[in-house]
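Here's the structure we're looking at; comments come further down.
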There are 2 protein chains.
Amino acid sequence: MTDEPHKPAKRPLTLRDVSEASGVSEMTVSRVLRNRGDVSDSTRARVLTAAKELGYVPNKIAGALASQRVNLVAVIIPSLGNMVFPQVLTAISEVLDQTPLQPVVGVTNYLPEREEKVLYEMLSWRPSGVIIAGLEHSDASKAMLRGAGIPVVEIMDTDGTPIDSMVGISHRRAGRMMAEAIMKAGYRKIAFLGTKMPLDHRARKRFEGFTEALAKKGLEIVDQEFYDGGSSLAKGREMTARVLERSPEVDFVYYSNDKIGVGGLLHCLDAGIDVPGRLGLAGFNNISLLDGFSKRLATMDSGREEIGRRAAEIIAARVEAGSDEMAGERIELSPTISRGDTLRARPAGGDYPE
Amino acid sequence: MTDEPHKPAKRPLTLRDVSEASGVSEMTVSRVLRNRGDVSDSTRARVLTAAKELGYVPNKIAGALASQRVNLVAVIIPSLGNMVFPQVLTAISEVLDQTPLQPVVGVTNYLPEREEKVLYEMLSWRPSGVIIAGLEHSDASKAMLRGAGIPVVEIMDTDGTPIDSMVGISHRRAGRMMAEAIMKAGYRKIAFLGTKMPLDHRARKRFEGFTEALAKKGLEIVDQEFYDGGSSLAKGREMTARVLERSPEVDFVYYSNDKIGVGGLLHCLDAGIDVPGRLGLAGFNNISLLDGFSKRLATMDSGREEIGRRAAEIIAARVEAGSDEMAGERIELSPTISRGDTLRARPAGGDYPE
DNA sequence: CTGAAAGCGCTAACAC
DNA sequence: GTGTTAGCGCTTTCAG
């Protein structure tokens, strides 16, 4: 073998190059590189040496085309800015790391058209499965998912009918649970602060469940405000200040996520408002943003770690088995409330008339 | 055309199916679907109808193999948990959205072996370019990058020699700048809190630049502490408390990132420590974590938005032109300090003896 | 244990 | 404008 310095490598190397360099047929080289079939130790060694020497990187495109197998799982999520999704992703990766499968991420920014485009692009690579956030998709997206002939797991939400499998929580139930906990603690003048919800279906469902549970006890939202764009502490702060000024009777604020919730909490601390005595607060998602604060915001854990894990397990099992045994699996997890320091039974509370 | 309900679709559709359904040759169907070459409006329409009717999704694997072109850009970053990287990613996506290129993300968790594996996997899909964080890679990784014969942009850091192009800031300089600003403000008993740095080269370089600048003025770090694993407010809190107890003379703490820096700030606020009078604080990265706080932490912007944008532009230009005109481009951006509310000239300060 | 032939689904290049 | 032919780099299948 030559000892010349490695050249710029204009044409990428092929199996053939390794075959020639090692004096072994392409087929056998391929076997060695994939650990398939029996190959004598001596030829194996020769091939491996040659491949490393040359710096050969197999061409998966050709491999996938020939074998009709692509070990990719499309994971389609709305955003990377909301830490919830990186966390789900991490859980997915941990499971898939034990398998030959690999996640490939697509981001939709909560836009259905964008989701459609991302999905189309990903499906055109013929992945082995799809994990996609939410149950709401355009008709075209649904058609693509159904037509792809691969396992599809819709995650995060269970309020609706999945295309195939689903793993998540009921956000309606989550909203109801929080409303009940708040009322039970004795709060009565409740406000809501959240994103504009036409596209964030899960936030909308929580809101619906929340108001529904209030209505059942004869209560209504006292005040509410919605914002555009991403969440930030600053927004939570400002909106909270405005609501409290506009509706001083408010004794609880329910936020659609922890980030603006913590912003609200900061406002209260600065303004010297007694939390949770004069005012209670709660968010959603149990984002670890909180864990260094003197006061922990009441929130709800959506089980995103488990969601990611179980979704990946379903895909892995179905791809591996080739069987459709787990097809149509529907897993609803239970969200759990953590009261933190901002949702406590009030002296007069806990005695809600049934 | 049949009006039967869409069947489960066992075998994915191929160009041939569309060809038969529309009565147009495969080649022409291909032209229509890619908007290449001239096709009469009537055949175009027939093809488009048939394709949509069937729900055909092109097979990019076959397309890529045939055309020897893959419009993917591998983006390799250490983590998604540190918001800096999603932000870089967003900037990259925005630029690539204007082109036929698409980013594909790989995460290394700061582990060189993992980087090597991720890189290998991504390169085996023959992407059109690579954007990778950092200048430190294993020999094997460097060999792969050099051998791939595609544009490579190393981002975030400029303290070292790139394989091809680089876009970033000098973290050594960033550390020096912060040290100088701190000394100039009149602080003298300076402590450092950060991650264990064997694998986080950029944090290490900042630390080195920092101590070097102190040394130039005859100062040394008074105390320091390092932590394992991810950053959190809680860690920043605890470590700060420990340092202040152990070394009560400390008048400034420099953190390796904003998250633990804010944790430290929270500790100070709770403990009633006068910031920045009695104690100054500074972090790194200008993470928007801060923008709702009553006190803003002093920090430094690493220009990650611009880094992502320029890196993507280099790749896009080189892929489009096919030329190597921008090969070897080296762009060093200037970090900017923002003093926030935790780094202010002290009454006795500003008079450092030259 | 190893090799030869065929072909995965698409597109480049060239006819017509 | 449209069709035909060859082949991308690999794996499947079958023969030895």
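Chain letters run A, B, ... following the sequence lines, proteins first, then strands; residues in each count from 1.
Distances shorter than 4.0 Å separate none of the side-chain N or O atoms of A:Thr28 from OP1 or OP2 on C:dC1. Side-chain N/O atoms of A:Ser25 include none lying less than 4.0 angstrom from OP1 or OP2 on C:dA4. For C:dC1, neither phosphate oxygen OP1 nor OP2 lies less than 4.0 angstrom from any side-chain nitrogen or oxygen of A:Thr43.
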Exercise for the section: Classify every nucleotide of nucleotides 8-16 of chain C by which part a protein heavy atom approaches to under 4.0 Å, writing B for the base, S for the sugar-phosphate alone and - for neither, in 5'-to-3' order. Expected result: BBBBBBB--
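Heavy atoms of other residues, nucleotides or ligands lying less than 6.0 angstrom from CZ of B:Arg34 number more than 12.
Checking each of B:Arg202, B:Arg114, B:Met156 against B:Pro78 for a side-chain contact (heavy atoms from CB on, under 4.5 Å) leaves exactly one that passes, namely B:Arg202.
In summary, the side chains of B:Gln102 and A:Glu121 do present a donor paired with an acceptor at a separation below 3.5 Å, with no hydrogens or angles considered. When only modelled atom types and interatomic distance are considered, A:His137 and A:Glu116 share no side-chain donor-acceptor pair under 3.5 Å. Side chains of B:Ser93 and B:Thr90: a donor-acceptor N/O pair is absent below 3.5 angstrom, by distance only.
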